[in-house]
Amino acid sequence: MTTFLLGPNFVLGASTVLVAYLLYRSRPVPRPVAVLGLAGGPLIFASATAVLFGAHEQLSVWGSLAGLPVFAWEPSLAAWLTVKGFRPEAVTDVAAEAPAEVRGAGVGAVASGRLQ
């Protein structure tokens, strides 16, 4: 039961928040799409915590309600990226906002420790 709780709930919640946050900050997709993930990730994580402590069963009405925003986020993100794609200028916008030493440094400078 714990393995089934860990993967589909805790990891899903954490990864959803991470990806949604990055999409929200860089804006390659509309903000409402990213907000669905930002709302759904913590809900699914909280639901998994509640299941872990016995507040409700994993396959219950409460668990299903907590999963609805993520259920809406995943197909809306997939549909948007399939039909419209992401805004390529979002990548250059984020790069332009980065500090000058990061923009020209590249991966090698970060890995070697020259950039701190």
Side-chain angles (χ1 to χ4, degrees):
M1 177 74 169
T2 305
T3 303
F4 189 63
L5 183 62
L6 179 68
N9 289 308
F10 284 116
V11 174
L12 174 66
S15 66
T16 298
V17 169
L18 178 66
V19 171
Y21 174 74
L22 293 173
L23 291 174
Y24 185 84
R25 291 279 299 168
S26 62
R27 297 184 181 197
V29 297
R31 287 253 166 128
V33 174
V35 168
L36 272 173
L38 286 172
L43 281 174
I44 209 97
F45 197 89
S47 175
T49 304
V51 169
L52 186 65
F53 289 108
H56 62 79
E57 292 294 319
Q58 187 169 6
L59 300 175
S60 66
V61 172
W62 297 113
S64 298
L65 288 175
L68 282 178
V70 173
F71 178 75
W73 177 66
E74 288 179 350
S76 67
L77 178 63
W80 182 269
L81 292 176
T82 301
V83 174
K84 296 275 190 171
F86 70 92
R87 290 182 329 110
E89 60 270 7
V91 175
T92 56
D93 292 347
V94 170
E97 293 173 4
E101 61 270 6
V102 173
R103 273 185 269 151
V107 176
V110 175
S112 68
R114 289 183 298 174
L115 182 66
Q116 297 181 8

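This chain uses plain numbering: 1 for the first residue, then up along the sequence. Since the structure is predicted, the reported quantities are computational estimates derived from the model, not experimental observations.
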Practice task
Might you point out which heavy atoms bring Leu38 and Ala20 nearest each other, and give the distance in Å?
Solution key: N-CB, 3.5 Å
Handout entry: Atom pair CG/CD1 of Leu68 and Ile44 - distance to nearest 0.5 Å
Key = 9.0 Å
Problem - Flag side-chain contact, heavy atom, 4.5 Å: Leu52 against Phe10 - result: yes
Practice task
Return the minimal non-hydrogen interatomic distance between Pro69 and Gly40, and the atom names on each side.
Solution key: CB-CA, 3.5 Å
Exercise for the section: For the residue pair Val70 and Leu12, establish whether any side-chain heavy-atom pair is separated by less than 4.5 Å. Expected result: yes
Exercise for the section: Please examine the side chains of Glu57 and Val51, heavy atoms only from C-beta on, and report whether any two atoms are closer than 4.5 Å. Expected result: no
Problem - Ser60 backbone acceptor or donor facing Ser64 side chain under 3.5 Å - result: yes
Problem - Side chains of Trp73 and Leu23 in contact at under 4.5 Å (non-hydrogen atoms) - result: yes
Practice task
Mind running side chain to side chain contact (heavy atoms under 4.5 Å, CB included) on Val29 and Tyr24 for me, showing each step along the way?
Solution key: CA-CA 8 Å; Val29 297; Tyr24 185 84; over 6 Å; no
Handout entry: Separation between CG of Leu36 and CD of Glu74, rounded to the nearest 0.5 Å
Key = 11.0 Å
Practice task
Give the minimum heavy-atom separation between His56 and Ser47, together with the two atoms involved.
Solution key: CE1-OG, 3.3 Å
Handout entry: Same apolar cluster (I L V M F W Y, side chains within < 4.5 Å links), Phe71/Leu65
Key = no
Handout entry: Connected via hydrophobic side-chain network under 4.5 Å: Leu77 and Val35
Key = no
Problem - Trp80 side chain reached by Pro30 side chain, heavy atoms, under 4.5 Å - result: yes
